[in-house]
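So that the names make sense, note that chain A is the first sequence line, chain B the second, and so on, each numbered from 1.
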2 protein chains.
Amino acid sequence: MAARSYGQYCGVTTAVELIGERWALLIVRDLLVGPRRYTDLRRGLPRIPTNILSTRLKELQEGGVVRRVPLSNCGLVYELTPYGRSIEPIMLALGRWGFQAMGDPEPGDVITADSLTMALHTAFRADRAVDAEYELHVGDVALRASVREGELRVAQIAPPAPPVGGSLPDAEPDAVIVAGPGIRRLIGGEVTPAEALAADIVAVVRGEASLLDSFAATFHIAASGVPSPEHE
Amino acid sequence: MAARSYGQYCGVTTAVELIGERWALLIVRDLLVGPRRYTDLRRGLPRIPTNILSTRLKELQEGGVVRRVPLSNCGLVYELTPYGRSIEPIMLALGRWGFQAMGDPEPGDVITADSLTMALHTAFRADRAVDAEYELHVGDVALRASVREGELRVAQIAPPAPPVGGSLPDAEPDAVIVAGPGIRRLIGGEVTPAEALAADIVAVVRGEASLLDSFAATFHIAASGVPSPEHE
DNA sequence: CCGGATCCGAATCGATACTG
DNA sequence: CAGTATCGATTCGGATCCGG
């Protein structure tokens, strides 16, 4: 029996041995957004030590969760295997579960492009979705979220986008929404869109302010049971 | 920012900080089966150090996942809060995901009553369920699984059950199934019930052997994508 | 710059012993 | 029964270094 094995013959235990080590699930979260290079993963996980990142990538490969793919031109990327990708619904559900217990950010907490992308998918309600194109800015992260026919697609926008003529791939968004971490309160339904605007939690800097209602309907995480009554 | 925080403001990260520490999710798994005393948890997690168990229980309480309840007569139990219980569908899905990657047991691996109970729930297919009463023995564990109207109830049977007249709560089961860890191959569909009987993977020691077909239809985990092509 | 490997102090984990 | 105390073994975190 491996040294750090839990010593149980059980599906949950096997899962935890595959993706339960420290940082492993966050690596998988970022890879669910798309294939990433070693350096991309480092940027998306600012506090991960580099030796831990390479150790985890090796372990995830041995577990059949992640695959290493050389790029045709140069370099290489890590990507999920089909088996690794099949964890997506679990990741989304886990994100919703954790969302209920999120308080306000601790000093030093960051919001990364991949985590916000995943959070949008987590909060996406296909049944209530209103078709629209949003540009969303939270902290340093800028995303383009396209809601079309009940489907969500999220693309990351490079922050210092130099406006070189002709290379802009997207049409103008219907609304440009600028927010901070307090956007959690809007998605969680703690505040209405009107209250969020009034309290400066979010701002609609382009497009009609009413599109914030569509946004709040499309991206919503209901407090299912009890979020977490007593906290430390 | 807490010392061992991941430093990200994200639902998945929050979830991992709540239930991602070593052993934590296995404690939650056992508590999903029912409230448990400290000693019960120790028995269900034979390799957990006792200081880790008490540390995790404290952390899970601070996170609002677990609650400590004094018993009316004597002693106390740990139980999940409503928020903690709301992780059940995720746990079941994770058990199915991990099941795909289970190989054969390592030497020293055990099967516990709570993990097998959870595994039955994990593998239960309400849509294909056939009503029946099973008594299932795997290793030292004995379970009573009742399938009624598409619902599953599992009770644990004390192994040395002294046959004191009148105190038996259940009627006779339709079938008594005795198996080893190889029962995974039956649930995973790697072998048919007939093959499992022929290979001595399982035995029906009471009741009609054809009930093993019902069992295999009721408890099944299909290989969704690729289980895990390459393994270490 | 990319993709790591190496080194080392700090924190955590695991095993055992002990206690109210 | 329900933990706490102790201590060596591991792992983690932070920093630096290195080959392409």
Side-chain angles (χ1 to χ4, degrees), chain A residues 1-8 13 16-27 30-31 35-62 66-79 106 108-110 158 160, chain B residues 1-8 13 16-27 30-31 35-62 66-79 106 108-110:
Chain A
M1 178 168 35
R4 254 170 96 83
S5 158
Y6 291 96
Q8 301 196 189
T13 305
V16 170
E17 286 177 351
L18 283 175
I19 45 88
E21 293 293 295
R22 199 162 162 70
W23 291 104
L25 202 67
L26 300 188
I27 294 171
D30 285 7
L31 291 179
R36 292 287 181 265
R37 308 173 175 231
Y38 187 87
T39 316
D40 298 333
L41 292 168
R42 271 186 70 167
R43 253 198 303 277
L45 276 359
R47 295 172 62 90
I48 196 175
T50 71
N51 56 344
I52 299 297
L53 177 56
S54 45
T55 302
R56 291 296 170 268
L57 285 170
K58 268 176 220 145
E59 291 163 354
L60 289 168
Q61 283 172 78
E62 283 179 3
V66 163
R67 181 157 64 191
R68 199 177 199 265
V69 181
L71 251 38
S72 57
N73 35 7
C74 165
L76 62 125
V77 293
Y78 295 90
E79 66 174 23
E106 303 287 325
D109 276 5
V110 297
Chain B
M1 180 168 35
R4 256 170 91 85
S5 156
Y6 291 96
Q8 301 194 188
T13 306
V16 170
E17 285 176 354
L18 284 174
I19 45 87
E21 292 293 296
R22 197 161 164 72
W23 290 106
L25 202 66
L26 300 187
I27 295 171
D30 285 7
L31 291 179
R36 291 287 181 264
R37 309 174 185 220
Y38 188 89
T39 316
D40 298 331
L41 291 168
R42 269 185 74 168
R43 253 197 303 276
L45 276 358
R47 296 171 62 88
I48 194 174
T50 70
N51 55 349
I52 298 296
L53 177 56
S54 46
T55 302
R56 291 295 170 271
L57 286 169
K58 268 176 222 145
E59 292 163 352
L60 290 169
Q61 283 171 78
E62 286 180 1
V66 163
R67 184 157 60 193
R68 200 177 200 265
V69 181
L71 250 40
S72 57
N73 34 8
C74 165
L76 60 124
V77 292
Y78 295 90
E79 67 174 24
E106 304 286 327
D109 275 5
V110 298

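Rounded to an integer number of Å, the gap from CZ of A:R4 to P of C:dG14 is 5 Å. Regarding A:I52, its CD1 atom lies at a distance of 17 Å from the P atom of C:dC8, rounded to whole Å. Rounded to a whole Å, the CZ atom of A:R22 is 10 Å from the C1' atom of C:dT12.
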Just the table, please: protein N/O against nucleotides 15-20 of chain C N/O, every pair under 3.5 Å.
from	atom 1	to	atom 2	distance (Å)
C:dA15	N6	B:N51	ND2	2.9

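Residue contacts for B:R68: at a heavy-atom cut-off of 4.0 Å it reaches the sugar-phosphate backbone alone, with no base atom in range. Looking at heavy-atom distances under 4.0 Å, B:S54 makes contact with a base. Residue contacts for B:L76: at a heavy-atom cut-off of 4.0 Å it reaches the sugar-phosphate backbone alone, with no base atom in range.
B:E59 pairs by the side-chain hydrogen bond (donor to acceptor under 3.5 Å, both in side chains) definition with B:R56, not counting sequence neighbours. Remark: A:R42 engages no residue in a side-chain hydrogen bond (donor to acceptor under 3.5 Å, both in side chains) (not counting sequence neighbours). Shown here are the side-chain hydrogen bond (donor to acceptor under 3.5 Å, both in side chains) partners of B:D30, two or more places apart in sequence or in another chain: there are none. Considering only residues two or more places apart in sequence or on other chains, B:E17 meets the side-chain hydrogen bond (donor to acceptor under 3.5 Å, both in side chains) condition with B:S5. In this view, A:S54 and A:Y38 satisfy the side-chain contact (heavy atoms from CB on, under 4.5 Å) rule, not counting sequence neighbours. Qualifying side-chain contact (heavy atoms from CB on, under 4.5 Å) partners for B:V77, counting only residues two or more places apart in sequence or in other chains: B:P35, B:R37, B:V69, B:L71.
Proximity of B:L41 to B:L57: side-chain heavy atoms (C-beta onward) are separated by under 4.5 Å at one or more points. Looking at B:E21 and A:R22, their side chains come closer than 4.5 Å, going by heavy atoms from C-beta outward.
For C:dC13, the OP1/OP2 oxygens have a side-chain nitrogen or oxygen of B:R56 closer than 4.0 Å. For A:Y78, a side-chain nitrogen or oxygen approaches OP1 or OP2 of C:dG4 to under 4.0 Å.
Across all non-hydrogen atoms, the minimal contact from B:P46 to B:V110 is CG-CG2, 4.1 Å. For B:T55 against B:N51, the heavy-atom pair with the smallest separation is OG1-O, 2.8 Å.
If you take CG on B:L31 and CG on B:L60, they are separated by 8.0 Å, rounding to the nearest 0.5 Å.
The span of DNA chain D lying next to chain A, judged by atoms under 4.0 Å from heavy atoms, is bounded 5' to 3' by D:dT11 to D:dA15.
End-to-end axis angle of the helix from C:dC1-D:dG20 to C:dG20-D:dC1, using five pairs per end and rounding to 10°, comes to 30°.
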